[in-house]
Colleague: 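One structure is given below, represented as structure tokens, and several questions about it will come after.
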Amino acid sequence: MNIKGLDYNTEREKLILPEYGREVQQMVDIAVNLPTKEERQRCAETIVRVMEHMLPQNRNNADYKCKLWDHLAIISDFKLDIDYPYDVSKAKEISEKPKPLAYPMTKIKVRHYGHLLFESFELLKKMEPGKERDELARLTAEQMKRNLGQWSHGANNYDKVVDDIARFTDGIIQLDPRELQNARFNLPQPQQKSGGGSKGKRRRQNH
């Protein structure tokens, strides 16, 4: 359907700051093209007042007014030649899109173990025999067991854990599945606030 005067948002120019709507964008475009600086200044101040009424929930913010003028500069694509009451030089940093983060492309041989466990395997291969390597091997094996359970490969499949840790460390780490099954890890316990428990006990006893 083609009706004169009727168009769709998809056919219109993209808004720079959509939260202010197309009317504000159009007012800013008019302000940019006014012939004198005095006219542009009066028009800009009027536009900022309109913007302020559109977002009243932000009035309690300390830098609210400054942000409005920043947004005005951004909407105008920094083409509005006026005397800004605030420094809007940092507005360009706001308007710039952040660079996309680089996604790690490291290939993992077995996905259910994840990248961190394979880092542990590499570290184990480089460590000298001793207590530290034995402790890291046990902690790595325990995490492997958890991962197997989360990926429905059997939470208590100690034989597979032993076989895999030996395979991925090039045979350097050899664990006994029976010892692994009976192992207890001394993980740090959360500290309780001093006096809290005893006060609670006294209150219950008094009641």
Side-chain angles (χ1 to χ4, degrees), residues 8-10 14-20 55 57-58 60-64 67 70-71 74 90-207:
Y8 296 92
N9 285 333
T10 54
K14 188 176 181 180
L15 295 175
I16 298 176
L17 290 180
E19 58 266 34
Y20 291 108
L55 300 174
Q57 67 274 15
N58 295 332
N60 294 329
N61 296 341
D63 56 348
Y64 176 53
K67 283 187 176 180
D70 283 344
H71 292 169
I74 293 171
K90 293 185 178 179
K92 291 186 179 181
E93 299 177 6
I94 302 173
S95 63
E96 292 177 356
K97 293 183 179 180
K99 295 180 180 179
L101 295 174
Y103 191 81
M105 301 303 292
T106 306
K107 292 184 179 180
I108 303 174
K109 296 178 182 178
V110 181
R111 295 190 64 181
H112 57 256
Y113 284 144
H115 183 67
L116 292 178
L117 274 178
F118 274 89
E119 286 186 355
S120 295
F121 298 148
E122 292 300 317
L123 184 59
L124 286 168
K125 288 193 288 185
K126 298 175 184 177
M127 292 178 69
E128 295 293 331
K131 186 177 180 181
E132 289 187 4
R133 193 182 75 174
D134 293 343
E135 185 66 15
L136 178 59
R138 287 194 296 269
L139 292 174
T140 302
E142 180 65 16
Q143 186 59 49
M144 292 169 66
K145 184 177 76 70
R146 293 194 192 100
N147 287 22
L148 288 172
Q150 291 171 356
W151 285 71
S152 301
H153 290 293
N156 297 318
N157 195 343
Y158 294 100
D159 290 330
K160 180 170 178 56
V161 170
V162 170
D163 289 342
D164 284 348
I165 198 171
R167 177 158 60 101
F168 295 128
T169 60
D170 298 334
I172 293 174
I173 303 300
Q174 299 288 338
L175 298 177
D176 188 336
R178 293 170 299 181
E179 293 181 1
L180 181 61
Q181 185 173 359
N182 297 325
R184 294 294 181 267
F185 300 94
N186 297 322
L187 300 178
Q189 298 297 325
Q191 296 180 354
Q192 296 182 352
K193 294 182 179 180
S194 60
S198 59
K199 287 182 181 179
K201 290 181 180 179
R202 287 198 295 271
R203 289 195 192 101
R204 289 192 292 271
Q205 288 173 357
N206 292 337
H207 288 289

Colleague: Sequence neighbours left out, what passes side chain to side chain contact (heavy atoms under 4.5 Å, CB included) with L136? Give chain and number order.
Modeller: L123, L124, M127, T140
Colleague: Taking 4.0 angstrom as the limit, do D70 and K67 come out as a salt bridge?
Modeller: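 Salt bridge: no.
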Colleague: Of all residues at least two apart in sequence or in a different chain, which pass the side chain to side chain contact (heavy atoms under 4.5 Å, CB included) check with D163?
Modeller: none
Colleague: For the residue pair I165 and A137, what are the closest heavy atoms and their distance?
Modeller: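 It is CD1-O, 3.8 Å.
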Colleague: Say you draw a straight line from NE2 of H112 to CG of L117; how long is it, rounded to the nearest 0.5 Å?
Modeller: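 Taking NE2 in H112 and CG in L117, the distance rounds to 9.5 Å.
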Colleague: How far does CG of L175 sit from CG of D159, to the nearest 0.5 angstrom?
Modeller: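 Going from CG on L175 over to CG on D159, the span is 11.5 Å.
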Colleague: So, using salt bridge (charged side-chain N to carboxylate O under 4.0 Å, His left out) as the criterion, who are the partners of E122 when residues are at least two apart?
Modeller: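 Partners of E122 under the salt bridge (charged side-chain N to carboxylate O under 4.0 Å, His left out) test: K125.
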Colleague: Counting heavy atoms not belonging to E132, are there more than 12 under 6.0 Å from its CD?
Modeller: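 At most 12 heavy atoms, drawn from other residues, nucleotides or ligands, come within 6.0 Å of this atom.
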Colleague: Check the angle between the aromatic planes of F121 and F168 and answer parallel, tilted or perpendicular using the 30° and 60° thresholds.
Modeller: parallel
Colleague: Using 0.5 Å steps for rounding, measure from the CG atom of N147 to the CD atom of E142.
Modeller: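 These two atoms lie 10.5 Å from each other.
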Colleague: What's the shortest heavy-atom distance between V161 and M144, and which atoms?
Modeller: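 Shortest heavy-atom contact: O-CE, 3.6 Å.
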Colleague: Less than 4.5 Å apart, any side-chain heavy atom of R133 and any of I172?
Modeller: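 They are in contact (side-chain heavy atoms under 4.5 Å apart), so the answer is yes.
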